[in-house]
Amino acid sequence: AEVRLDEGVPFVPDSQLEAALADAGVKPDVAQAIVDENTEARIDGTLNAVRGMSRVDFVRALEAAYRQDGYEVTAIDGGADLEIRKEWRIALVSCRRWKAARTGVEPLQELHAAKEARHAQECIYVATGELTANARAFAVKHAISLVGGPELARLLPGAGRRRKEA
């Protein structure tokens with residue numbers, strides 16, 4: 001089976017691309033530029049696929065991804081979508097795939113309040129869009145981890161891909 005991005009473009013892992021370019025004798029600087037472009041296209045494909053998901057599907061995909069990474073995962077309500085545990089550490093995860101270009105501070109305030117109420121050690125805000133300067137400042141002040149772009153593509157490597165049967 002061949003893996004393709006939703007747009008029909010074949011998906012090639014960076015390791016395979018690097019090996020093929022080396023085998024073809026492509027100069028290292030040119031090869032690196034090609035690999036970087038491949039990585040960027042994969043991240044864009046993942047983010048576009050996530051933006052097309054329903055909120056429920058997005059939360060479920062993240063729930064499965066955190067489980068794959070070895071976390072115990074519980075769906076919760078009130079300021080966060082997921083509580084993840086590994087050993088004694090508890091983190092709350094807020095999942096936002098809003099189509100708005102920029103997100104303000106309010107969802108981060110809700111996440112921080114949930115962290116305090118549940119006595120969690122960490123907060124993780126997962127989003128596809130950009131945050132306002134005030135929201136970023138709030139995240140820094142309250143040690144809220146921001147996950148988007150490359151980190152989100154790492155968490156959801158299968159988003160935006162489909163298998164084409166040969």
Side-chain angles (χ1 to χ4, degrees), residues 1-75 80-87 89-103 108 121-133 135-136 139-140 143-166:
E2 181 179 76
V3 179
R4 294 182 171 267
L5 297 176
D6 278 343
E7 295 81 24
V9 177
F11 169 73
V12 180
D14 289 344
S15 59
Q16 287 181 0
L17 181 58
E18 288 168 347
L21 293 169
D23 289 347
V26 176
K27 293 180 182 178
D29 58 330
V30 173
Q32 187 59 52
I34 293 169
V35 170
D36 291 347
E37 190 171 315
N38 185 63
T39 301
E40 189 174 314
R42 187 178 63 254
I43 292 167
D44 288 346
T46 299
L47 293 178
N48 287 333
V50 167
R51 287 183 190 109
M53 289 178 178
S54 70
R55 176 170 166 68
V56 170
D57 288 343
F58 181 48
V59 173
R60 284 183 184 153
L62 286 167
E63 184 176 345
Y66 280 115
R67 276 202 174 96
Q68 178 91 19
D69 280 350
Y71 289 91
E72 292 177 40
V73 183
T74 306
D81 299 293
L82 302 172
E83 177 182 278
I84 62 174
R85 293 175 179 256
K86 193 180 268 189
E87 298 174 4
R89 306 268 313 159
I90 299 172
L92 298 184
V93 181
S94 181
C95 312
R96 300 291 182 258
R97 52 150 233 15
W98 294 345
K99 295 180 183 184
R102 297 181 73 89
T103 302
L108 294 168
Q121 286 78 37
E122 297 176 59
C123 287
I124 303 168
Y125 186 77
V126 182
T128 58
E130 292 294 318
L131 296 174
T132 63
R136 286 194 173 281
V140 168
I144 297 173
S145 298
L146 303 175
V147 175
E151 299 87 8
L152 183 54
R154 183 197 64 77
L155 261 176
L156 302 176
R161 296 185 205 156
R162 58 185 158 85
R163 292 208 177 269
K164 176 185 172 190
E165 297 304 320

Kindly check if the number of other-residue, nucleotide or ligand heavy atoms within 6.0 Å of CD (Q32) is above 12?
yes
Would you name the heavy atoms of L108 and A139 that are closest together and state the gap between them?
CD1-CB, 4.4 Å
Can you check whether I34's main-chain N or O pairs, donor with acceptor, with N38's side chain at less than 3.5 Å?
no
Minimum heavy-atom separation for L92 to A80, with atom names?
CB-CB, 3.9 Å
The test is side-chain contact (heavy atoms from CB on, under 4.5 Å); show your working for L131 and R96 and say whether it passes.
CA-CA 11 Å; L131 296 174; R96 300 291 182 258; over 6 Å; no
When rounded to the nearest 0.5 angstrom, what is the spacing between OH in Y66 and CD in E83?
13.5 Å
Please list, chain by chain and in numerical order, all residues satisfying side chain to side chain donor-acceptor pair (under 3.5 Å) with S54, sequence neighbours excluded.
D57
Here the gap from R51 atom CZ to T46 atom OG1, rounded to the nearest 0.5 Å, amounts to 10.5 Å
Do L62 and V73 have side-chain heavy atoms sitting under 4.5 Å apart?
no
Enclosure of R60 CZ (heavy-atom neighbours >12, cutoff 6.0 Å):
no
Side chains of E40 and I43: closer than 4.5 Å at any heavy-atom pair?
no
Kindly indicate whether the side chain of T103, heavy atoms from C-beta on, has any atom under 4.5 Å from the side chain of Y125.
yes
Measuring from atom CG of L82 to atom CD of E63, what distance do you get when rounded to the nearest 0.5 angstrom?
5.5 Å
At their closest point, which heavy atom of I124 faces which heavy atom of A91, and how far apart are they?
CD1-CB, 4.2 Å
Are more than 12 heavy atoms from other residues, nucleotides or ligands located less than 6.0 Å from atom CD of E122?
yes
Heavy-atom pair with the smallest gap, counting every atom of A61 and L156:
O-CD2, 3.5 Å
So R85 and Q121, do their side chains get closer than 4.5 Å, heavy atoms only?
no
Where do L17 and V35 come nearest, in terms of heavy atoms and distance?
CD2-CA, 3.9 Å
Verify, without hydrogens or angle tests, whether D81 (side chain) and C95 (backbone) share a donor-acceptor contact under 3.5 angstrom.
yes
